[in-house]
A.B. asks: 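First the structure, then my questions, so here it is.
What's counted below: heavy atoms across the whole structure, side chains too, no hydrogens, waters or symmetry copies. Just follow the structure's listing: the first ligand is 1, and inside any ligand the first atom is 1. Given the structure is predicted, the values throughout are model-derived calculations rather than measurements.
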Amino acid sequence: MSLPFELVAQGKVREVYAVDDDRLLLVASDRVSAYDHVLPTPIPDKGRVLTALSVWWFEQLAPVLAEHGAEHHLLAAGDDLLASGVPAELTGRSMLVRRLEMLPVECVARGYLSGSGTVEYQRTGAIVDVPLPAGLVEGSRLPEPVFTPSTKAEVGEHDEAIGFAQVVDAVGADRAEVLRSLTLALYRRGAEIAEQAGIVLADTKFEFGTAADGLVLADEVLTPDSSRFWPAMTWSPGAPQPSFDKQYVRDWLTTSGWDRVSPPPDLPEDVVAATRDRYVRAYEQLTGLPWN
Ligand SMILES: Nc1ncnc(-c2cnn(Cc3cccc(F)c3)c2)c1Cl
């Protein structure tokens with residue numbers, strides 16, 4: 001796809017283009033990643049579903065942002081993008097956003113113990129400087145949601161968990177405090193809405209930037225790519241929880257005999273179709289809106 005804009009950042013499944021000095025275009029692809037590899041087979045509509053979900057969450061979270069004197073970066077999405085020169089085939093999976101000075105902190109909120117959090121906890125009984133009770137296992141619900149920030153790793157590297165003191169060093173004490181309280185408030189609101197939809201929001205990662213008028217919630221929000229979504233029905237601490245959206249892909253890759261090092265194999269049609277269905281159902285269950 002050739003866009004009349006300069007490519008300024010390229011992620012595994014997303015790109016960022018510069019529309020002008022003040023605006024960026026975030027474009028979500030149909031690519032899916034699993035086990036740290038981008039798979040060769042696209043999932044039709046994934047980019048459009050996750051973009052529509054982010055747009056919906058920005059609306060749901062606006063009151064929480066306002067309570068903390070913050071805003072979000074979304075300017076326009078969907079057909080409104082045609083006026084900015086975005087090709088029609090991209091408008092459904094693009095967001096026009098305010099260009100911000102991004103803060104160098106990944107603001108992670110966890111309501112459950114999982115992934116790198118579990119590894120940290122098993123090593124130290126805590127997640128960096130966040131103490132946790134004894135006896136927790138993979139998938140355990142935490143007594144309270146916790147703020148467990150990390151640094152933004154280089155492309156291809158994993159983010160490194162950091163303590164609150166390092167957030168203070170990076171952004172100052174007052175802003176660090178706001179980042180923690182706002183991250184936790186946004187997570188609580190998201191988890192509350194997800195719970196009503198039968199989905200556990202185990203954890204999520206927010207990114208913030210600054211503009212002249214203060215703190216701004218950026219990037220994508222509360223999507224299955226930036227968060228762990230588990231079906232509430234199957235939640236059972238003590239083992240890795242099935243991912244709401246990626247479990248079919250993970251299971252098939254495991255049975256396919258792929259060694260997780262060489263380039264991943266193509267996905268069979270039924271796994272692609274089932275995965276597309278999971279993204280559509282996540283959208284419909286969370287928003288209560290029909291996907292079309
Ligand atoms: N509002 C903003 N202002 C300035 N910069 C950004 C920004 C740059 N990069 N990223 C992360 C990212 C998002 C998608 C695809 C990628 F490759 C990388 C976010 C944003 Cl969202």
A.B. asks: Is the NZ or CZ atom of Arg180 positioned over Phe164's six-membered ring, under 6.0 angstrom from the centre and within 45° of the axis?
C.D. replies: yes

A.B. asks: Within ligand 1, which atoms have a heavy atom of Leu24 less than 4.0 Å away?
C.D. replies: 2 (C), 3 (N), 4 (C), 5 (N), 6 (C), 20 (C)

A.B. asks: So which heavy atom on Val97 is nearest to which on Leu75, and how close?
C.D. replies: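 Here Val97 and Leu75 meet closest at C-CD1, 3.7 Å.
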
A.B. asks: Looking only at protein heavy atoms, which one is nearest to atom 9 (N) of ligand 1, and what is the separation?
C.D. replies: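 That would be Val16 CG2, 3.9 Å.
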
A.B. asks: Short list, please: which atoms of ligand 1 are under 4.0 Å from a heavy atom of His73?
C.D. replies: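 With His73 as reference, the close atoms of ligand 1 come out as 1 (N), 21 (Cl).
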
A.B. asks: How close do Pro104 and Val171 get, heavy atom to heavy atom, and via which atoms?
C.D. replies: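 So the two residues come closest at CD-CG1, 4.4 Å.
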
A.B. asks: Quick one: nearest non-hydrogen protein atom to atom 7 (C) of ligand 1, plus distance?
C.D. replies: Met102 CG, 4.1 Å

A.B. asks: With heavy atoms under 4.0 Å as the rule, classify the contact between Val216 and ligand 1 as side chain, backbone, both or neither.
C.D. replies: neither

A.B. asks: Kindly give the heavy-atom pair with the smallest separation between Leu142 and Val146, and that separation in Å.
C.D. replies: CD1-CG2, 3.6 Å

A.B. asks: Say whether Leu100, considering both its backbone and side-chain N or O atoms, lies within less than 3.5 Å of an N or O atom on ligand 1.
C.D. replies: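 So ligand 1 has an N or O lying under 3.5 Å from an N or O of Leu100.
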
A.B. asks: Using a 4.5 Å cut-off on heavy atoms from C-beta on, say whether the side chain of Pro143 contacts that of Pro133.
C.D. replies: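 Side-chain contact under 4.5 Å: yes.
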
A.B. asks: One residue to check: Arg14. Relative to ligand 1, which of side chain, backbone, both or neither has a non-hydrogen atom less than 4.0 Å away?
C.D. replies: both

A.B. asks: Could you tell me, atom by atom, which parts of ligand 1 come under 4.0 Å of a heavy atom of Gln10?
C.D. replies: 17 (F)

A.B. asks: Of all the non-hydrogen atoms in the protein, which one sits nearest to atom 1 (N) of ligand 1, and at what distance?
C.D. replies: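 Result: Arg98 O, 2.8 Å.
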
A.B. asks: On the six-membered ring of Tyr112, is Arg228 placed so that its NZ or CZ lies under 6.0 angstrom from the centre and within 45° of the ring axis?
C.D. replies: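 The answer is no, since Arg228 fails at least one limit relative to Tyr112.
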
A.B. asks: Which ligand 1 atoms, with their elements, are less than 4.0 angstrom from a heavy-atom of Val97?
C.D. replies: 1 (N)

A.B. asks: Closer than 4.0 Å to some heavy atom of Arg99 - which atoms of ligand 1 meet that?
C.D. replies: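 Listed by number with element, the hits are 3 (N).
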
A.B. asks: Just to confirm my output: which protein heavy-atom neighbour is closest to atom 17 (F) of ligand 1, and how far is it?
C.D. replies: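 For atom 17 (F) of ligand 1, the nearest protein heavy atom comes out as Gly11 N, 2.6 Å.
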
A.B. asks: Whether the side chain of Ser94 engages the backbone of Thr91 through a donor-acceptor N/O pair (distance < 3.5 Å, no angle test) should be reported.
C.D. replies: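 Not at all, since once roles are kept as given, no pair shorter than 3.5 Å links the two residues.
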
A.B. asks: Taking the side chain as every heavy atom from C-beta outward, state whether Arg278 and Pro231 have any pair of such atoms under 4.5 Å apart.
C.D. replies: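 Side chain of Arg278 against side chain of Pro231, heavy atoms only: contact under 4.5 Å found.
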
A.B. asks: Quick check on contacts: which atoms of ligand 1 are under 4.0 angstrom from a heavy atom of Asp219?
C.D. replies: 11 (C), 13 (C), 21 (Cl)

A.B. asks: Could you report the tightest heavy-atom contact between Leu50 and Thr223, atom names first, then the distance?
C.D. replies: O-CG2, 3.8 Å

